[in-house]
There are 2 protein chains.
Amino acid sequence: MLSTQGYAAMTAKAPLQPFSFERREVGPRDILITITHCGICHSDIHQARDEWGGSIFPMVPGHEIVGTVTRVGSAVKTFNIGERAGVGCFVDSCRTCGPCREGSEQYCEAGMLLTYNGRDKDGQPTQGGYSAQIVVDENYVLRIPSALSPAGAAPLLCAGITTYSPLRHWGVGKYHKLAVVGLGGLGHMAIKIAKALGTEVTVLSTSERKRQDAMRLGATDFALTSQAETFTRLQRHFDFILDTVSAPHNYNAYVNLLKTDGTMILVGAPDKPSPLEPFPLILHRRRIAGSVIGGIRETQAMLDFCATHRIESDIEVIPIQQVNEAYERVLKGDVRFRFVIDLASLK
Amino acid sequence: MLSTQGYAAMTAKAPLQPFSFERREVGPRDILITITHCGICHSDIHQARDEWGGSIFPMVPGHEIVGTVTRVGSAVKTFNIGERAGVGCFVDSCRTCGPCREGSEQYCEAGMLLTYNGRDKDGQPTQGGYSAQIVVDENYVLRIPSALSPAGAAPLLCAGITTYSPLRHWGVGKYHKLAVVGLGGLGHMAIKIAKALGTEVTVLSTSERKRQDAMRLGATDFALTSQAETFTRLQRHFDFILDTVSAPHNYNAYVNLLKTDGTMILVGAPDKPSPLEPFPLILHRRRIAGSVIGGIRETQAMLDFCATHRIESDIEVIPIQQVNEAYERVLKGDVRFRFVIDLASLK
């Protein structure tokens with residue numbers, strides 16, 4: 001077993017603290033990655049605090065992982081020692097169901113194996129990237145293009161793919177008008193990716209202080225959702241809405257901003273239901289859909305796309321000792337736009 | 001002006017009663033149809049009782065109209081005197097917006113002109129098919145194939161197209177599993193049409209007494225929504241759900257019956273919102289959509305499809321003097337599956 005240092009939540013109420021644990025030995029198809037950077041995703045906080053239920057403790061969070069390959073199993077063909085590598089939200093899946101065979105492992109019918117807060121085949125809990133190293137089957141490891149910085153690339157592995165996947169799945173592109181609801185970690189990636197796709201982006205936000213960032217990131221319009229005027233001015237305006245907000249909000253108001261046949265895609269996940277009115281959907285054949293991260297091939301395509309278009313996350317790099325303070329700042333929306341832990345600080 | 005006999009709701013609280021009113025003269029592009037049959041749609045009751053708000057009184061309901069052409073305007077090219085003709089839920093639209101140009105007049109950006117409970121360009125209220133005759137622009141008149149009986153064809157003009165349009169729009173066909181929620185006027189048409197499309201149909205209903213009808217109409221399975229077991233047995237089972245129920249119900253339970261990338265299509269319109277949980281959509285990229293009737297070309301295609309497949313509505317023909325009693329029976333679900341008024345009774 002590989003003795004590994006990290007930071008863990010020991011219980012749902014506890015702040016994260018230094019924690020030593022064991023990783024499995026490197027198997028024939030495994031890759032050992034020495035982690036250099038790991039992004040902090042809002043879902044890390046939800047799970048570390050057991051806000052979605054079912055959390056496994058102690059928990060080492062982190063699923064936006066970038067590092068360097070330091071060992072490879074005897075049968076590994078895809079990576080060499082010294083190469084950069086990334087790991088996203090899952091580290092395995094059944095590999096045999098329809099979605100897995102189609103490369104949509106995130107929709108694996110047996111359930112994908114989460115990078116942390118999951119249970120591996122041997123029953124052991126998986127542990128994430130707030131740690132020195134990780135062992136992952138080569139089929140679930142991503143290649144990080146050299147055009148991307150390791151720290152700026154880390155959040156692409158969740159925030160990037162979460163927004164890229166639905167934009168590509170629904171064919172959002174030139175000639176489309178897209179609204180991005182919420183300007184946080186997900187929202188800022190959505191603007192960058194949609195802009196690279198040639199899409200006209202409007203940011204809808206509760207906060208006037210996000211206007212400048214929205215425009216700098218590539219939006220062509222910005223509107224306050226706190227103002228009723230927004231919902232009259234932009235009525236039936238958008239082909240797509242990408243909703244990144246994880247606080248409960250009124251879906252109906254946004255649905256009315258869609259054209260006929262428009263689609264509102266939920267990637268933020270409020271933990272409470274919101275009342276849905278059927279008429280705004282029915283009278284204009286609109287749709288509400290959901291989407292979660294992306295498959296491995298698609299995640300690689302996203303990384304390559306980001307390299308081509310020089311897209312990285314806007315980040316604030318912190319030492320791991322500041323992780324609890326960073327959590328509080330994430331909850332206040334006080335980050336532009338993603339914290340990334342520099343794991344060199346762990347030593 | 002053309003003096004016309006019909007039955008009208010004089011106020012939201014009044015039963016329907018005999019009513020004389022004026023129709024416009026037959027213009028150059030108009031067709032005068034002597035109405036032989038008109039279906040009773042649940043939405044007639046909603047509107048006659050002002051349950052959706054904004055109703056215009058006196059109101060002659062009815063938008064499932066079949067009759068015989070008795071006069072044509074000087075410029076009419078499509079119909080001849082003596083031919084059978086049908087009129088559905090709308091009698092005009094702007095004809096210039098994107099949806100109108102594409103033949104999706106039901107999504108006209110200026111709003112379609114409803115067959116009744118609408119206001120024509122001259123400001124006069126439109127009046128529906130519980131009447132002796134109607135004057136309609138030829139572009140909004142349907143051809144009733146001779147293979148269909150006039151009475152059995154009437155409900156196709158709303159219940160038929162309401163279910164046909166989304167099934168075709170979403171490409172429901174062979175190799176798909178479809179659930180039809182609710183077995184009333186809409187639901188029974190959905191089974192017949194989906195069966196003709198080669199689709200495997202399961203009926204989900206609150207009522208065991210619908211089982212026999214469901215199977216007779218062509219369903220391959222039937223399950224009670226009052227039993228929790230239904231929602232475990234059929235989890236992730238369907239490619240599509242067509243939800244015809246207009247009473248408030250829990251959408252989330254049904255969403256969980258969809259496979260990954262499955263779509264639940266609302267054609268029934270509860271007047272109250274229902275709480276929507278985002279996770280069941282997000283975790284399997286599922287969608288909830290709405291759909292309303294269909295365009296003129298599509299309605300004609302539906303009528304021709306029904307003629308080819310010998311599909312008519314199951315009906316109970318009544319004289320117009322029984323319309324108020326029929327309304328009460330519709331509200332109790334006591335009809336298999338559509339009342340059709342024989343307008344010969346009006347004389």
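Chain naming here is simple, since letters A, B, ... match the order of the sequence lines and numbering starts at 1 in each. The model shown is predicted, which means the values in this text are computed figures rather than measured ones.
Ring geometry, H42(A) versus H46(A): the interplanar angle falls under 30°, so the pair is classed parallel (tilted spans 30 to 60°). Between F337(B) and H188(B), the ring planes lie parallel to each other; the angle is under 30°, not in the 30° to 60° tilted range.
No part of N252(B) comes within reach of chain A, as not one of its non-hydrogen atoms sits under 4.5 angstrom from that chain. Neither the backbone nor the side chain of D243(A) comes within contact range of chain B; no heavy atoms are under 4.5 Å apart. For chain A, the nearby parts of Y107(B) are the backbone and the side chain; heavy atoms of each come within less than 4.5 Å. Within the 4.5 angstrom heavy-atom criterion, only backbone atoms of K272(B) (N, CA, C, O) approach chain A.
R286(B) places no side-chain N or O within donor-acceptor distance of the main-chain N or O of T263(B), the cut-off being under 3.5 Å. In this structure, the side chain of N256(A) does not engage the main chain of A253(A) through any donor-acceptor pair within 3.5 Å. Of the possible donor and acceptor atoms, one in the side chain of T115(A) sits under 3.5 Å from a partner among the backbone N and O of C89(A).
Comparing A269(B), P99(B), S274(B) by heavy-atom pairs within less than 4.5 Å of chain A, the highest count is held by S274(B). Note on D271(A), L281(A), L276(A), V292(A): by heavy-atom pairs under 4.5 Å with chain B, the leading option is L276(A). Between chain B and the options G98(A), P280(A), P278(A), the largest number of non-hydrogen pairs under 4.5 Å is found for P278(A). The most heavy-atom pairs under 4.5 Å with chain B, out of I288(A), I293(A), V267(A), come from I288(A).
At a heavy-atom separation below 4.5 angstrom, chain A is approached by R236(B) within residues 231-239 of chain B. Residues of residues 163-180 of chain B that come within less than 4.5 angstrom of chain A, heavy atom to heavy atom, are S165(B), H169(B), W170(B) in numerical order.
Heavy-atom minimum distance, G268(B) versus P270(B): O-CD, 3.4 Å. Between R285(B) and S104(A), the closest heavy-atom pair is NH2-OG, 4.3 Å.
Surrounding CZ of R297(A) are at most 12 heavy atoms belonging to other residues, nucleotides or ligands under 6.0 Å away.
Distance check: R338(B) CZ to L186(B) CG gives 6.0 Å after rounding to the nearest 0.5 Å.
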